[in-house]
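Single-structure report; data block below.
Naming convention: chains lettered A, B, ... in sequence-line order (proteins, then strands); numbering from 1 in each chain.
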Amino acid sequence: MRFTCPHCGPRDHQEFTYRGDASAIRPDIKNTSIGDHNAYVFDRANPDGEHREIWNHTLGCRTHVIVTRNTVTHEVTVCEPIGPFKEVLS
Amino acid sequence: MRYSALAILKNALGGNKDWSPAWRKPEPKASYDVIIIGGGGHGLSTAYYLASVHGITNIAVVEKGYLGSGNIGRNTTIVRSNYRLTPNTQFYEKSMELWRELSHSLNYNVMFSPRGVLNLACTPSQMDVFAERGNQMRLMGVKSELLTRDQVAKLNPGLDVSGSARFPIEGGLLQPDAGSARHDAVAWGYARAADQLGVDILENTEVTGFLKEGDTVVGVEVKRGGEQSEIRAQKVGVAVAGHTSRVMKMAGVDKLPIESTVLQAFVSESIKPIIPNVITFGGGHLYVSQSDKGGLVFGGNIDYYNSYAQRGNLPVWEEVMAELVAMFPNFARLRLLRSWGGIMDMSMDGSPIITTGPLPGMYLNAGWCYGGFKAAPASGWCFAHTIANDKPHDLNSAFTLERFKEGRPIDETGHGPTPWYH
Amino acid sequence: MANSPDRLSPLDELAMPVASEGKTGVELSERLCGSLIQVQAWPKTITKTKAAITKITKKRAAVVMEVGPGRWLIDDDGEELEEELRGAVNSKMGAVTGLTHGRVVVGISGSKATWVLASGIALDFDLSAFAVGETQVSHHHEIGVTIHRTGVDSFDLYVFTSYARALWGWIEKASREVGYSIS
Amino acid sequence: MSGFRLNLRDGVGSAIDGDKTISFHFDGKLYAGHEGDTLASALLANGETILARSFKYHRPRGVFSAGSEEPSALVTLRTGGRTEPNIRATEIEIYQGLEAQSQNRWPSLGFDAMAINQLAGKTFSAGFYYKTFMGPSRAGHKATNFWFFCEKFIRRAAGLGNGAKLADPDHYTRMNSFCDVLVIGGGAAGLAAADRAASTGAKVILCDERAAMGGSLNSAPDIIDGENSAEWAAEKASELADMGNVTVLPRTTVQSYFDDNTLLAIERVADHKIKPAENEPRQRAWNIRAKSVVIATGALERPIIFAGNDRPGVMLADAARRYTLEYATAPGKAVAVFTNNDTGWLAARDMARAGVIITAIIDVRSDVSDEIHAAGEESRATIHLGSAVVSTAGMRSLSGVKIANFNENTGEISDTVTKISCDCLAVSGGWSPAFHLTSQQGGKPEWDSELQAFLPGEPLQKWHGAGSMAGQFGLRKAFRSGEEAAVKALADAGLGEGESGVPSIEGDVIDHAPAPVFEIKSGGKAFVDLQLDVTADDVRLAHREGYISVEHLKRYTTLGMATDQGKTSNIAGLAIMADCRELTIPEVGTTRFRPPYTPVAIGAIAGEKYGHLAAERLTPMHDWHVEYGAHMYGNGPWLRPESYNRAGENVEQAYVREARTVRASVGIVDVSTLGKIDVQGPDAAEFLNRVYSNGFAKLPVGKARYGLMLREDGMLFDDGTTWRLDEDRFLMTTTTAGAGLVMEHLEYHRDVVWPDLKVALTSVSDEWAGVALAGPKSRDVLKACIKKCKVDDKSLPFMGVRDGEIDGIPVKIARLSFSGEMAFEVFCGSHHGLALWEALMKAGKPFDIAPYGLEALSTLRIEKGHVAGPELNGRTTPYDLGLGGMVSTKKNFIGSALVQREAFHEEGRLQLVAIKSLDGQRIQGGSHLVKGNVEEPGRSEGNSSSTCFSPELNCYISLAMLENGTKRHGEKMWAANPMRNAHVAVEIISPHMVDPDGGRMRG
């Protein structure tokens, strides 16, 4: 697979480290609910089809991207930046 | 027809015209006592043990493709119980017991070959970890031995045991009566034996939905030869490995502590016997054995991302081949014949789930990561017990669905809730 | 600072000059930076920080490489760069991190330079994809490398100090097929 | 069959150089061939007929094809570490000094005792092993044992050649490559595609598995642009190779098609030589990322199945033709052709034109076109329409065939047969497009009933088929479709259409569509899979037993699982199953092709990593450690000193001495491998406060603090000290093993979870070398060399951080202790690391300073009760390790919610304790804590985690995890280690064994 890093351009996926399902959103730092944290850590939709997922370009510029990828065909449709530089890279 | 050497001779004389189908191709009934979704190793063994141990024979196994089309026919055929944590050690040792009897129980030679599983260690601290695991096995009555470098070298003459290797071999952990088996034969043997006990195996029958009364599952909707129909059942068991999330979603269970990834497997061309054991590499992640046909069967890490494609990518190829030739530099000119992929149901702690629920009338068997093949007998045996008694057996009582959120993971590798690292 | 003893490169002995026997596809070299400083701007201070950097670097022969969003790696012969940058970029603008000791520079040039590099680095070295003067951050096997194209056939590889020998080993091995010299 | 060399002339022998003779050995016998010959063509030209034995029945096997699809002619090539089993004689180019052996035979190829297997033919049918060898009819382990006993013999009989016993002396390499258009296959379609694509200036790679481009052009009788087609192809290929934007790769097979148009090709750089030249790789793996791909891989001829079809001398018709025209080798003295399509006739004509005697053309069809009939007549063969071969004759190789009248509609065969003498039967059963690469991706093939073949179907990636691979048979269509595919590929790459260069073609217009006849059912053994001896009856048996899906058929009979992966046999197997099930072939379906296309040397995929598995990471002091006798120990990628053994010392003696020196005086250890992360920014303190379980917000500048990191699930993740260098600037240290993971963990939270925090994270692990000085004299050593910094207790208190200078080297000093002694960590720029180390060694000399390694480091921290990797095993919570006090209840942090879960606080958890040996025995690694003696140890209640001999306590000790351990100090148990034959009496004690109140390190 090849991802287009918003900073570095198209690269092999092995330059990136998988960080999992982008729909798992950590509860706010003020949130102390065990249930909310459990859901964040353990609940996965694991779809067969479109999946938004986070990858870190660890062997490149080390910024994170959200990759929209079909888990059945491995077709990548979007690579978008996430993080402090989201707007800068968009 | 009972299989035996005599039967083979008799049939050969008759031009092999009298063999009958190994299992029937029945039409589905309107209802069953139990429906098992998934005609793989775990589903078929569950049906077999429900029928043979618990006397429940009014069972349908529903399989969307051909029987054994999932991971039972795509793995590297390793059978072992060399685990560190008690729930795993005892569960997999139960499986070993069943393996030892399996060809006989099924009247089908699954070619279980206790040739020894050897884990190689590359550092003294890895040897300590192996000793810790081996001692756990010994204390639980499982055979295990710690081998020195010389002993390892003697068993496998091609191994690079030079001190100059990047990951020099220190020694290894041997489970002498573990080994391998013929994967397809396990599916076919269970299918044939279950069929003979009256189980209906419905191939090319895809579950498209669940029948529910309130929350309670009372059957399945299926598509078969292009036609939709309903099959009712008192109990519905799900044993679909990598497709667990997809199937459970149809029942309204939207999220589970499971992610599906692809694991690739590799086989070389056939050669005369060159390694006697099943061997794993300590300097990385690699396992290799030689099949009876002569091919080296091997694999390594999963491809680290969610996937439902039964194929993987190049980085794992490079990594696996590099590790194989690091271990056996004399394999460099042997040739890779074929590779393929299976979809793994990676759980959040690397251990399985065999449980009642999560809905009334439903039973779940999942989370096998990439250790499902060796588990197939005990998994079916425990799942059958759980379905028949509506509660788990002691052997699978720790394999709950709730353990993750409760904080009771069974985490052999210690990687935590990052399923792609298990 | 000025009195500090000579710095020792891990490639000190490996990269002794060697003339090639026969064909020379590439020439390899090794050096340490006088200063190698990273500046990371915050998302809203990129322009300002870049200007501050330019003000300092334009008076010297420093090489400014963009290695991430709002992030630059600056290579200069002098030893005072970190101090100057720290003076110009305060924590409201960004972060200054010294990496002078953290990298070794491996130089490779010659008609087969891209051939040798491509044997280990999965980048398109075509000039249309990687122009002279550009910088790409990638890897050679498990070793992260920042690659600066100094000419059509010449490159500087900034490699982590602890991995410098490993990278040198790879490059040297790959260079054998085409012939090489070390300068 | 006995072949012979024809006279070389224009159009005959296009692949070989008749002026160059090459000698080689096969089974010890000397032969001569020509440069350009394959081993198969050379042996055929020398009149050899039997090259191999089959897998199951050990039946004699000859040459069946002329390419990579060969199922039969497998040999073992080379010797020693270069031994290569199962090499297809049809592919290997001969070289001076080549040595090949036949395989899977005993004692010799001519007489194979194992051929006795075939007498038991019908018992050895499909599924044989599944039905027997289950042992005596008594349940239990005996059954397993019986199979295990039999299996040894079965394994020895199976397999083909022997693998090398020695390491491969050659090396492999890789090339990362990018192109606009990758063209796979250098035949007519591929050349046309490459030419068209190259005309735009696009970056083009053209690969072909053979030594020369041209594909079928190399043996085509056509005239292209007025030239012999082989010559035209050679010129076109060299014209392309001369273009700056085209890379032409002969002997290069594109093996695997991965996602996003990433393909793996293997170039056989030196396999046509006796060994690679110096510094030349044996093979090169090309990792190609293509914007678009043109697949022009051609089609594979397939046989018709009939009784006795495995007799050496039976070969594919196009192969016979290619041996004649490309290698000037007549495949036999009298060749008969058996076909269901026109190409068989043209093969006969072309061979006849080259001087081969064609005795008969047998076609299952009752009628053919006038042109084809004329071609048959030109070959001077007797023509048998509406006929089929029903059996073959010959001792070990073919001497003749019997034919009968055949009804192509019903498949009926007449009773009367005619004998035809021949030593070669050239068979054509039609053509199967070679779309293996597209199938690897999961592409669904579609059946073409006209061609009686599967076509590749819809693309799942950016590729375009051309030539016969796409069902475009014949040279005219090949050229046209090649260009059309190139235009589409150029569009994928965002490039223009380029210029057309279709040449003029004079030659046959060929209809490739065959009659739908796959098997002649005349009784007798008819082989579908020639290598694994799968017969048509085996397929029928599989059907009878219910193994009717194509996958079951394959797996039950092993059809198509040989080294050729069924390239020529698959369709026939499907056809027979379809016939049994009374379905059409597409209704039965087909199996998916899996990569690689042809078998690939494992070393080639490992590439440059063969002999070079992983990089080593070295500290600046590495050479010093080695010079001073340290045994270097692999710790992740790092190499670290285990201990500095003096003459006569073993590891234990060395580390005990080193640890004693630290406790008594001062030791020095290289800690450069610690992970170090520069954390800067206005929100750095807040960020750290969220990352660590203990408070960091109020850490004063100039101070360090030990911090714990949890995973979000509450388990311990990593630990280390973090130094506040400035208000907005911290230097975090992590464990050596955890460095990379911690960095990713921090980056994830900074980027994904809290992007509003202004924090810069930079790995500075390589920037800083680190040295720890530990022991009561450590301060004295520092005092003796430090400048610009005071190190007395007041100026540099416990956990204080200061800048200073040693020997002109700027340093950072932190007063930290891992050993429990007075200790300092001294960091400097890593290019000064060795100089710093030597300066400290010099300053320490008066105090008998000694370097210590990992073992002593570990011993000291075990004595102190500090946890490390073995305790931070991913299953422990802070509470388990007695670190509950570091879990803040006043703030929220990563893991703060889930660490509170009930199960983490229940009875029965494993908790950190120490154990000490009561009987002087060593507590060895991996021990378990049990209540019982060696005979009846009972269950494990815990385990030792980090063991050592404690010089301080003068006995063997260990840290351990024990159920409810905190409450069990003083209890006596056993450390059971049956794996290492030890059972040691131990007492449970507090893990804080040295200086529990910390006076020494604070003093």
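- Closest heavy-atom contact between D:Pro596 and B:Ser339: CD-N, 4.5 Å.
- The ring of D:Phe593 has its center no closer than 6.0 angstrom to the ring center of B:Trp340.
- Counting heavy-atom pairs under 4.5 Å between each of B:Ser270, B:Pro409, B:Gly312, B:Gly294 and chain D puts B:Ser270 at the top.
- The shortest distance between side-chain heavy atoms of B:His183 and D:Arg555 falls below 4.5 Å.
- With a threshold of 4.5 angstrom between heavy atoms, B:Glu203 approaches chain D through side-chain atoms but not through N, CA, C or O.
- Both the backbone and the side chain of B:Ser144 come within contact range of chain D, judged by heavy atoms closer than 4.5 Å.
- Within the 4.5 angstrom heavy-atom criterion, no atom of B:Met140 approaches chain D.
- Between chain D and the options B:Val110, B:Asp349, B:Leu314, heavy-atom pairs under 4.5 Å are most frequent for B:Leu314.
- In this structure, the side chain to side chain contact (heavy atoms under 4.5 Å, CB included) partners of D:Ile154, at least two apart in sequence or on a different chain, are D:Tyr129, D:Phe133, D:Trp147, D:Cys150.
- Looking only at side-chain heavy atoms (C-beta outward), D:Pro85 and B:Leu334 come within less than 4.5 Å of each other.
- Counting only distance, with no hydrogens or angles, the side chain of D:His552 and the backbone of B:Leu67 share a donor-acceptor pair below 3.5 Å.
- Per-residue counts of heavy-atom pairs under 4.5 Å with chain D were compared for B:Phe331, B:Trp188, B:Trp23; the largest is that of B:Trp188.
- Contact of B:Thr86 with chain D is not made at all, since no heavy-atom distance falls under 4.5 Å.
- B:Gln136 touches chain D through backbone and side chain together, each having a heavy atom under 4.5 Å away.
- If you measure heavy-atom distances from B:Arg115 to chain D, the contacts under 4.5 Å come from both the backbone and the side chain.
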(Q) Is there a side-chain contact (heavy atoms from CB on, under 4.5 Å) between D:Thr563 and B:Arg335? Walk through the geometry before answering. (A) CA-CA 9 Å; D:Thr563 62; B:Arg335 303 195 295 174; over 6 Å; no
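- Side-chain N/O atoms of D:Glu151 and B:Ser113 include a donor and acceptor closer than 3.5 Å.
- Proximity of a side-chain donor or acceptor of B:Asn109 to a complementary backbone N or O of D:Thr132 within less than 3.5 Å is detected.
- Of the listed residues (B:Arg24, B:Met137, B:Gln310), the one with the most heavy-atom contacts under 4.5 Å to chain D is B:Gln310.
- If you measure heavy-atom distances from D:Arg594 to chain B, the contacts under 4.5 Å come from both the backbone and the side chain.
- Between D:Leu160 and B:Lys293, every side-chain heavy-atom pair lies at or beyond the 4.5 Å cut-off.
- Side-chain contact between D:Gln255 and B:Leu336 is absent, with no heavy-atom pair separated by less than 4.5 Å.
- When only modelled atom types and interatomic distance are considered, D:Gln565 and B:Arg338 share a side-chain donor-acceptor pair under 3.5 Å.
- Crowding of B:Lys10 atom NZ: a count of heavy atoms from other residues, nucleotides or ligands under 6.0 Å not exceeding 12.
- Formation of a donor-acceptor pair under 3.5 Å by the B:Asn313 side chain with backbone atoms of D:Asp259 is found in this model.
- The minimum heavy-atom distance linking B:Leu337 with D:Ala562 is given by the pair CD1-O, 3.8 Å.
- With a threshold of 4.5 angstrom between heavy atoms, D:Gln440 approaches chain B through N, CA, C or O but not through any side-chain atom.
- Contact annotation for D:Thr83: only backbone heavy atoms (N, CA, C, O) come within less than 4.5 Å of a heavy atom of chain B.
- In this structure, B:Arg333 and D:Asp170 have side chains that are in contact, with non-hydrogen atoms separated by less than 4.5 Å.
- Under the 4.5 Å side-chain criterion, counting only non-hydrogen atoms from C-beta, D:Asn977 is in contact with B:Asn135.
- Only the backbone of D:Ala615 comes within contact range of chain B, with heavy atoms under 4.5 Å apart.
- Between the side chains of B:Lys272 and D:Asn104, at least one donor-acceptor pair of N or O atoms lies under 3.5 Å.
- Residues D:Met715 and B:Asp411 are not in side-chain contact: their nearest non-hydrogen atoms beyond the backbone lie 4.5 Å or more apart.
- A salt bridge is absent between D:Arg544 and B:Asp18; no separation between the charged side-chain nitrogens and carboxylate oxygens falls under 4.0 Å.
- B:Asp184 touches chain D through its side chain: at least one heavy atom from C-beta onward sits under 4.5 Å away, while N, CA, C and O do not.
- At a 4.5 Å heavy-atom cutoff, the contact between B:Ala5 and chain D is made by backbone and side-chain atoms alike.
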Q) Should D:Glu902 and B:Arg408 be marked as a salt bridge (charged side-chain N to carboxylate O under 4.0 Å, His left out) after you check the CA-CA gap, both sets of side-chain angles, and the distance that decides it? A) CA-CA 10 Å; D:Glu902 255 177 54; B:Arg408 293 186 177 83; 5.7 Å; no
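- Judged by distance alone, with hydrogens and angles left aside, the side-chain atoms of B:Asp292 form no donor-acceptor pair with the main-chain N or O of D:Arg155 at under 3.5 Å.
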Q | side-chain contact (heavy atoms from CB on, under 4.5 Å) between D:His928 and B:Leu139, intermediate numbers included | A | CA-CA 9 Å; D:His928 282 250; B:Leu139 290 169; 3.6 Å; yes
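- For B:Lys17, the parts lying under 4.5 angstrom from a heavy atom of chain D are both the backbone and the side chain.
- In this structure, chain D has a heavy atom under 4.5 Å from the side chain of B:Ile274, while its backbone stays farther away.
- Interface residue B:Glu318: backbone and side-chain heavy atoms are both found under 4.5 Å from chain D.
- Looking at B:Pro21 and D:Tyr547, their side chains never come closer than 4.5 Å, going by heavy atoms from C-beta outward.
- When B:Trp317, B:Trp99, B:Phe328 are compared by the number of non-hydrogen pairs under 4.5 Å with chain D, B:Trp317 comes out ahead.
- Both the backbone and the side chain of B:Val325 have a heavy atom closer than 4.5 Å to some heavy atom of chain D.
- One N or O on the side chain of D:Arg901 and one on the backbone of B:Lys405 form a donor-acceptor pair closer than 3.5 Å.
- Partner of D:Tyr130 under the ring-ring contact (aromatic ring centres under 6.0 Å, His included) criterion, chosen from B:Tyr108, B:Trp19, B:Tyr3: B:Tyr108.
- B:Glu170 does not touch chain D: none of its heavy atoms, backbone or side chain, sits under 4.5 Å away.
- Not a single donor-acceptor pair under 3.5 Å links the side chain of D:Tyr633 to the backbone N or O of B:Thr123.
- Comparing B:Thr413, B:Leu85, B:Val129 by heavy-atom pairs within less than 4.5 Å of chain D, the highest count is held by B:Leu85.
- Side-chain polar atoms of D:Asn943 and B:Arg133 form no donor-acceptor pair below 3.5 angstrom.
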Q: Check the pair B:Arg166, D:Glu616 against side-chain contact (heavy atoms from CB on, under 4.5 Å), reporting the backbone distance first and the verdict last.
A: CA-CA 8 Å; B:Arg166 175 66 181 85; D:Glu616 289 169 351; 3.3 Å; yes
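- With sequence neighbours left out, the salt bridge (Lys or Arg N to Asp or Glu O under 4.0 Å) criterion links D:Arg282 to D:Glu84, D:Asp271.
- Just one of D:Leu74, D:Asn86, D:Ile87 meets the side chain to side chain contact (heavy atoms under 4.5 Å, CB included) condition when paired with B:Glu269; it is D:Asn86.
- Contacts with chain B were tallied for D:Val550, D:Ile602, D:Leu872, D:Ile605; D:Ile602 has the most, counting heavy-atom pairs under 4.5 Å.
- Of the two parts of B:Leu173, only the side chain, counted from C-beta on, holds a non-hydrogen atom closer than 4.5 Å to a non-hydrogen atom of chain D.
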